[in-house]
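Take a look at the structure set out below.
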Amino acid sequence: MPEDTQTNTPTAVYDAGAIEAKWQEAWDAADLFRARRDESKAKYYVLEMFPYPSGRIHMGHVRNYTMGDVIARYKASAGFSVLHPMGWDAFGMPAENAAMASGGHPKDWTYGNIADMRAQMKPLGLSIDWSREFATCDPEYYGQQQALFLDFMEKGLVYRKNAVVNWDPVDMTVLANEQVIDGKGWRSGAEVERRELTQWFFKISSMAEELLEALGTLDDWPAKVRLMQENWIGKSRGLQMVFPMSEPAHGLDGIEVYTTRPDTLLGASFIAIANDHPLAKALEKDDAKLAAFNAECRKSGTSEAELEKAEKQGYDTGLTVKHPLHEGETLPIWVANFVLMDYGTGAIFGCPAHDQRDLDFARKYDLPVIDTFFAMDDDTAVGTEAFVPPKTEKVRWVDQPAGVEVATGQEAIDATIDWAEARGLGTGKVQFRLRDWGLSRQRYWGCPIPVVHCEDCGVVPEKKENLPVTLPYDEGGKPIDFTVPGNPLDRHPTWRDVPCPSCGKPGKRETDTMDTFVDSSWYFARFTAPRAETPTDMADADYWMNVDQYIGGVEHAILHLLYSRFFSRAMQATGHLPAKCDEPFNALFTQGMVTHEIYQTHDDRGRPVYHLPEDVEVKDGKTVLKDGGQEVEVVPSAKMSKSKKNVVDPVSIVEAFGADTARWFVLSDSPPERDVEWTASGAEAAHRHLARVYRLATDTMAMEDGPGEDDDALLREMHKAIHDVTGGIESFGFNAAIAKLYAFTHTISRSKAGRDAKLQAVKALVQLMSPMTPHLSEELWAMLGAEGVVSRAPWLGAEGLVAQAPWPKADESMLIEDTITMPVQINGKRRAEIHVPREADKAEVEAIAMATDAVQKSLDGATPKKVIVVPGRIVNVVV
RNA sequence: GCGGGCGUGAUGGAAUGGUAGACAUAUCGGACUUAAAAUCCGAAGGGCUUUGUCCCGUGUGGGUUCGAGUCCCACCGCCCGCACCA
């Protein structure tokens, strides 16, 4: 063939850019991805966690949305009516921070970013119904959210109470936990104070039991996520009891404690109360030292991690309680920084021998350590390590209130609760770790809480016909100035000062906005009817809900998913979702991150300087800077982050290789639930493969008709590929499916089969690849002779598009092999391989194995004690 | 600190308790080419005075099993979450 033939034939070169633009236009023209309620079809709702509009998409997004797209496209070919929507989690701090840092308005910043990100996403060729797109900062969306809030309020699912926040006294603002660094405000550097504010709460704890129970029904959720939620909800049964005070003080004659280990009551050596316990607060008024101690404790942030990590500190109040069992003995009352007012009663008894925190505390302040039980075979007294065996382990008790001698911890706990209840010392109580959901945020860029405070009427809900309560854009005729410290809503007279909806007297709008978790707790329901005049449309919700497959990062395993589960129930209770929606997500998949190597050099002071992957090249086996050739240190892969500069921009990858290459690669190298490392060579290899498939298709088309060799073998491989790839997609084994597609491509290339058989195999290959590489597949599908162009809408039965072709089905009879190869082990070590007929029974397989030379040689005359035959799998001879 | 997860060649990884390393990268060799690129074919976990259906090998140390990367226990390392980041 003349050398220039290829370059003169445009179709012979894989031109991703041209192909992708062409088919995206065709899909658009056919309105192919519009979700339609079609009662004659089974529906499938696939959803990826919607993005925060930061302004740039990153590879993590590409991976997340590609996975969802593979499922969506596969399910569409499998005959489902698919809903695959996209929107924007658009409220939140970054917009406000940007406005503070560089002027501008959060609204403009956010909508600008959305436009940018949408433009970056469209070229990926995702089968998304863009007609349903919305942003949570659209008044049409948050207005409906306000309606939900009012309905929740009416149902008693919302209330107000005091709660502590991080207060920055210089910036005059509430700080998020992540904005508190070493106890100081991130911007001002001022020492953060804890401040109590009246805040809004959702009564999620009223559903704790239900949320826990229902985890058992979520069979298609990862077990780890269910376990994390179970531990987070944290149901425990313990004993609530009062320790009478030796002398009543500040109106208290006893301290009420809650313990999950009442069995260790006789190991108690002190009582510890939280800094915010009513007694501690009362005492600090007359005790300057205690006041100072409490003030010091309150300086730390409010996050649990910070409180737990802080050094255990205490202050002896000098007060005592009577020992509940030992007449005449007393226990001291300490204020301790590791006791949380939020959990139980805000007071505990310390049992140092069997709790590490209590032990650390006791050693520090020289309090007694009393062993109450020992291991079955060990009498060693507790030293610096508390003895905390599993509650299921039997131990020997030396001193036990209920008189237990040898029993497990759990048995002793139950016995002690019974014992205490019988004597009126306390009551068994079920307690949850789960706290109510504080939704108030003292910020501008969030959904306004639709209530008005009135001096006469109190807290008055806004009337529904006045919704949405929209955020003001201007202040005094000009866009709000965010460089002024404080909450703009708080200082905005025309927005804030409104008449009471009930009595009409002057009132003040609530200036708190909602936690952004509220926005993301029901967006999946809104997607089923995004333009409805009510939060949802019951008919649409009834058809589309629940989400059949939800995909997102494991970092949302607890909060977002738990809040969404709560919202579904609350929306049901208020008539916004049908009864089947207790659990909104039938199946959950948590995908891993995209990582990249980090390239660093050092400046003259030894501090690291990071370099972008595109500024680095490999020369003579060394990684060097393109500019100057300085060698760089290669740090192992980590999550892509701007600060480490180990980012690869999807836009530039799509420009260089095409969307199909990016899609193929992010799915190929790692199991979806694990991290995938982005490498330039891997991306190039992916692109090479797609070009190879393109060539394979054109070469096969160019073949001359005529008989070939082993057509049947190729077709058998084709059916195996259909079987394996289908199974891979169904089970989220995208990387395994892709490995199979690589292998199948090689099989076709090497096959000497005739044109008909090869064309059939290539068409199957193209179709099996289509969920991952839809544009290439569409191009080749058309080239390979599938009839028609895009001219008819899919619900009218468009044909000719690979996106519309029914998914191929493997012929089971073609999957069966006549002969099976089986390994033979001697004592678990592989020693031989045998070929047996498919239908051979165990005895026959054993006979064939024993008759094999290699087996006899390995046995070396020994007599087998036992022969294990696992049909189709393995033979193990035990001697 | 607490809760959850992960750990396999030089690298990413494959493997319903049943032949460890599929597939891919990097590397090396070969074909094609005047040459290079592209493309195609092939080698490859480590070891060895024994090249053998040999020995060792899935973070470390134990255990269960005819058989363990897979199940159990302990430890080490890394990652995620910890309620106002999204």
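All values below were derived from every heavy atom in this structure, side-chain atoms included, with hydrogens, water molecules and symmetry-related copies excluded.
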**Message:** Taking any heavy-atom pair under 4.0 Å as a contact, classify G438(A): base, sugar-phosphate, or nothing.
**Reply:** sugar-phosphate
**Message:** Please determine whether a side-chain nitrogen or oxygen atom of R831(A) lies at a distance below 4.0 Å from atom OP1 or OP2 of rC54(B).
**Reply:** yes
**Distance, rounded to the nearest Å, where H689(A) contributes NE2 and rU39(B) contributes P** = 13 Å
**Item:** hbond_proxy R443(A) side chain to rC84(B) base (donor-acceptor, 3.5 Å cutoff)
**Value:** yes
**Prompt:** Under the 3.5 angstrom rule, does the side chain of Q179(A) hit a backbone N or O of A176(A) as a donor-acceptor pair?
**Reply:** yes
**Prompt:** Using a cut-off of 4.0 Å on non-hydrogen atoms, how would the nucleic acid contact of W232(A) be classed: base, sugar-phosphate, or nothing?
**Reply:** base
**Message:** Taking donor-acceptor contacts at under 3.5 Å, does the side chain of R688(A) reach the base of rU25(B)?
**Reply:** no
**For rA37(B), the Watson-Crick or wobble counterpart (both distances under 3.5 Å)** = none
**Prompt:** Expressed in angstrom and rounded to an integer, what is the separation of D360(A) atom CG from rC2(B) atom P?
**Reply:** 10 Å
**Request:** Describe the nucleic acid contact of S440(A) in one word from base, sugar-phosphate, nothing, applying a heavy-atom distance below 4.0 Å.
**Result:** base
**Prompt:** By salt bridge (Lys or Arg N to Asp or Glu O under 4.0 Å), which residues pair with E833(A), not counting sequence neighbours?
**Reply:** R830(A)
**Prompt:** Hey, does the side chain of K829(A) come within less than 4.0 Å of rC56(B)'s phosphate (OP1/OP2), counting only N and O?
**Reply:** yes
**Asked** Under 3.5 Å, is there a donor-acceptor pair between the side chain of T679(A) and the main chain of G682(A)?
**Response** yes
**Prompt:** Separation of K752(A) atom NZ from rC40(B) atom C1', in whole Å?
**Reply:** 13 Å
**Prompt:** Do K740(A) and D724(A) meet the salt-bridge criterion of a basic N to acidic O distance under 4.0 Å?
**Reply:** yes
**Item:** Watson-Crick/G-U partner (both atom distances under 3.5 Å) of rC6(B)
**Value:** rG77(B)
**Item:** Expected output: side-chain S205(A) to main-chain R435(A) donor-acceptor under 3.5 Å
**Value:** no
**Message:** Keeping N337(A) on the side-chain end and G314(A) on the backbone end, is there a donor-acceptor pair under 3.5 Å?
**Reply:** no
**Prompt:** Atom CZ of F517(A) and atom P of rC84(B): how far apart are they, to the nearest Å?
**Reply:** 8 Å
**Message:** Base of rC2(B), side chain of Q356(A) - is there a donor-acceptor contact under 3.5 Å?
**Reply:** no
**Fill in**
Taken to the nearest whole Å, CD/E833(A) to C1'/rU53(B) is 9 Å
**Message:** With rounding to the nearest 0.5 angstrom, report the CZ to CG distance, R226(A) to L218(A).
**Reply:** 7.0 Å
**Request:** Provide the distance between the two C1' atoms, one in rG63(B) and one in rA68(B), to the nearest whole Å.
**Result:** 11 Å
**Message:** Need one value for N735(A): base, sugar-phosphate or nothing, where a base atom within 4.0 Å counts as base even if backbone is also close, heavy atoms only.
**Reply:** sugar-phosphate
**Message:** Taking only the P atom of each, what is the distance from rC80(B) to rA31(B) in whole angstrom?
**Reply:** 50 Å
**Message:** What residues from residues 736-743 of chain A pass a heavy-atom cutoff of under 4.0 Å to RNA chain B?
**Reply:** A739(A), Y742(A)
**Item:** Integer-rounded Å distance: rC41(B) P and R692(A) CZ
**Value:** 8 Å
**Asked** When you compare rG29(B) with rA37(B), how far apart are their P atoms, in angstrom units rounded to a whole number?
**Response** 13 Å
**Message:** Tell me the interatomic distance from K224(A), atom NZ, to rC6(B), atom P, rounded to whole angstroms.
**Reply:** 7 Å
**Prompt:** Going by modelled atom types, is there a donor-acceptor pair between the base of rC84(B) and the side chain of E178(A) at under 3.5 Å?
**Reply:** no
**Request:** Remember a base hit wins even if backbone is also touched, and classify L562(A) as base, sugar-phosphate or nothing at under 4.0 Å, heavy atoms.
**Result:** nothing
**Asked** CG of L696(A) versus P of rC40(B): gap in Å, rounded?
**Response** 10 Å
